[in-house]
2 protein chains.
Amino acid sequence: MLSQPPATLSTRDKILHTALLLFARDGYFSTSIQDIRRGSGLSIGSIYHHFAGKEAIADALYQQLINSLSLDLEQASAKVTSYPERYKAIIGSLFQRCESQPEAMRFILHARHQEFLPGEAPICSARPFEFMKKLVDEGIACGDIRPMNAMVAAAALFGGPIRLMHLYLDQVLEVSLMELLDESWSCAWNAVKA
Amino acid sequence: MLSQPPATLSTRDKILHTALLLFARDGYFSTSIQDIRRGSGLSIGSIYHHFAGKEAIADALYQQLINSLSLDLEQASAKVTSYPERYKAIIGSLFQRCESQPEAMRFILHARHQEFLPGEAPICSARPFEFMKKLVDEGIACGDIRPMNAMVAAAALFGGPIRLMHLYLDQVLEVSLMELLDESWSCAWNAVKA
DNA sequence: GTCTATATTCGGATAGAC
DNA sequence: GTCTATCCGAATATAGAC
């Protein structure tokens with residue numbers, strides 16, 4: 001069962017809202033348009049009026065969520081000045097978003113978008129991850145991160161926190177992510193600091 | 001297109017072999033029994049004689065691959081005595097397997113098995129990952145790893161290398177994983193060492 | 001813009017000959 | 001054990017009224 005979307009939303013947003021919940025919970029392939037119809041309280045005709053099909057819904061959702069995450073990370077990182085502070089701000093934003101919007105993060109993180117969005121680049125090439133990678137490159141260049149392969153550094157710095165997010169989203173972690181932020185950050189920074 | 005499975009394999013193994021290639025390349029849901037039939041050069045009837053259905057094929061494959069990976073990691077870790085050596089041996093085995101059996105690792109690492117194998121625990125609760133987690137617990141207990149939340153430590157130690165494996169399997173890394181082993185290990189160990 | 005009813009395709013699965 | 005032919009349900013998508 002699924003709670004109806006807020007009545008204040010536009011039809012289009014009701015569709016996206018319901019689709020996100022179902023995609024995150026059951027997966028893209030295990031969710032039918034019928035399921036979205038039921039969950040949203042709309043009709044098939046209305047759904048097809050707003051979107052070309054199921055794939056178009058997933059695509060719109062993906063673009064919207066990636067975009068919002070991107071802005072969020074860029075803003076969080078702009079609030080502080082040193083590279084270590086930026087890295088920690090990014091990890092903090094990611095953790096927070098996992099707690100406040102678990103469905104969105106589940107959809108972004110665990111979905112294999114290439115399986116149902118042909119032509120989409122792998123998630124690691126999406127804007128938020130490119131942004132994180134760029135900051136790592138700069139951290140190496142300015143000497144805050146010790147000299148090493150940039151991919152290794154990016155993986156080492158963000159891999160631990162991202163793994164923790166996966167565990168949280170898979171409900172394996174029983175505590176809140178935010179409680180683990182300082183400890184996870186300290187590990188991450190020890191991994192790469194100069 | 002897909003090369004036929006080696007003629008030396010049993011019918012059952014031909015099916016598993018072909019299914020793995022297709023599941024890893026196109027995903028479980030985008031692979032039909034027809035595809036497996038074509039790829040294996042067998043007939044539908046023969047496939048259904050050996051397996052109850054598509055899900056049963058995926059299940060057999062999953063159990064087999066998890067089991068083989070598990071044994072591999074346990075053996076690699078038994079060859080050395082100190083905890084740091086064990087951690088590095090595990091990461092080395094994982095990297096090697098990514099290079100020698102990319103399809104198997106793709107199937108294990110990025111498939112969302114819960115989406116098509118109902119009742120299956122999340123991948124992080126599977127035996128190889130439980131084993132890694134147990135070794136981390138012991139490392140903390142004996143003081144090789146500094147005192148901290150064990151989940152954070154496990155994520156910090158293996159998260160970076162696993163992230164690198166994902167990048168490799170997504171073809172984002174153009175170099176060989178083994179070349180990056182020492183550097184990735186050194187980051188991982190710095191993250192958690194006492 | 002929203003709805004119902006319906007067409008069409010596809011894929012998993014079965015029956016039964018050899 | 002392997003094969004071909006076929007069935008059946010499900011899900012996407014369309015047509016067309018309101």
Side-chain angles (χ1 to χ4, degrees), chain A residues 1-2 4-62 111-113 115-120, chain B residues 2 4-62 111-120:
Chain A
M1 274 293 67
L2 200 66
Q4 294 280 329
T8 56
L9 292 182
S10 67
T11 300
R12 185 189 151 90
D13 284 340
K14 275 185 198 159
I15 296 167
L16 291 175
H17 174 92
T18 304
L20 174 58
L21 295 183
L22 291 169
F23 289 164
R25 194 188 68 182
D26 304 328
Y28 175 82
F29 291 101
S30 304
T31 299
S32 70
I33 299 266
Q34 291 299 335
D35 295 331
I36 298 173
R37 180 193 60 74
R38 256 192 304 278
S40 63
L42 298 167
S43 68
I44 290 285
S46 192
I47 292 172
Y48 275 95
H49 177 76
H50 287 276
F51 295 96
K54 190 167 111 168
E55 192 178 306
I57 297 176
D59 190 42
L61 209 44
Y62 184 68
R112 304 254 69 216
H113 305 98
E115 201 172 328
F116 54 87
L117 294 181
E120 199 58 52
Chain B
L2 199 66
Q4 293 280 328
T8 56
L9 293 181
S10 67
T11 302
R12 185 188 151 90
D13 285 339
K14 276 185 198 158
I15 296 167
L16 290 175
H17 174 93
T18 304
L20 174 58
L21 296 183
L22 291 169
F23 289 164
R25 194 188 66 182
D26 304 329
Y28 174 81
F29 291 100
S30 304
T31 299
S32 70
I33 298 266
Q34 291 298 334
D35 295 331
I36 297 174
R37 180 193 60 74
R38 257 192 304 277
S40 63
L42 296 166
S43 67
I44 290 285
S46 192
I47 292 172
Y48 275 95
H49 177 77
H50 288 276
F51 295 96
K54 190 167 113 167
E55 192 177 306
I57 297 176
D59 190 43
L61 207 45
Y62 183 69
R112 305 254 67 215
H113 304 98
Q114 293 176 93
E115 201 172 329
F116 54 87
L117 295 181
E120 199 59 51

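Naming: A, B, ... by sequence-line order, numbering from 1 per chain. Please read these numbers as outputs of a predicted model, since none were measured by experiment.
- B/Asp13 is listed as a side-chain neighbour of B/Leu16, based on a closest heavy-atom distance under 4.5 Å.
- Separating the CZ atom of B/Phe29 from the C1' atom of C/dC10 is a distance of 16 Å, rounded to the nearest angstrom.
- Taking the side chain as every heavy atom from C-beta outward, B/Leu117 and B/Tyr28 never approach each other to under 4.5 Å.
- Per the geometry, CZ belonging to A/Arg38 stands 11 Å off P belonging to D/dA10, to the nearest Å.
- Residue B/Ser10 is out of contact with every strand shown, counting any heavy-atom pair closer than 4.0 Å.
- As judged by a 4.0 angstrom heavy-atom cut-off over every strand, A/Ser43 is placed among the base-contacting residues.
- Nucleic acid contact for B/Ile44: base, since at least one base atom lies under 4.0 Å from a heavy atom of the residue.
- Note on B/Thr11: a side-chain N or O is less than 4.0 Å away from OP1 or OP2 of D/dT2.
- Atom CD1 of B/Ile33 and atom CZ of B/Arg38 lie 12.0 Å apart (nearest 0.5 Å).
- Between the CD1 atom of B/Ile47 and the C1' atom of C/dT14 there is a distance of 14 Å, rounded to whole Å.
- Distance NE2 (B/His49) to P (C/dA13): 17 Å, rounded to an integer number of Å.
- Per the geometry, CD1 belonging to A/Ile33 stands 9 Å off C1' belonging to D/dA11, to the nearest Å.
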### side-chain contact (heavy atoms from CB on, under 4.5 Å) between B/Phe116 and A/Ser30, worked out
CA-CA 8 Å; B/Phe116 54 87; A/Ser30 304; over 6 Å; no
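- Projected onto DNA chain C by closest heavy-atom contact, B/Glu55 and A/Gln34 fall at different nucleotides, the more 5' of which corresponds to A/Gln34.
- What separates NZ of B/Lys14 from P of D/dG1 is a distance of 13 Å, to the nearest Å.
- In this structure, B/Tyr48 places its OH atom 17 Å from C1' of D/dG1, rounding to the nearest Å.
- For the pair B/Asp13 CG and D/dG1 P, the interatomic distance rounds to 13 Å; values are reported in whole Å.
- Among the atoms of the strands shown, only primed sugar atoms or phosphate atoms (P, OP1, OP2) are found under 4.0 Å from some heavy atom of A/Gly53.
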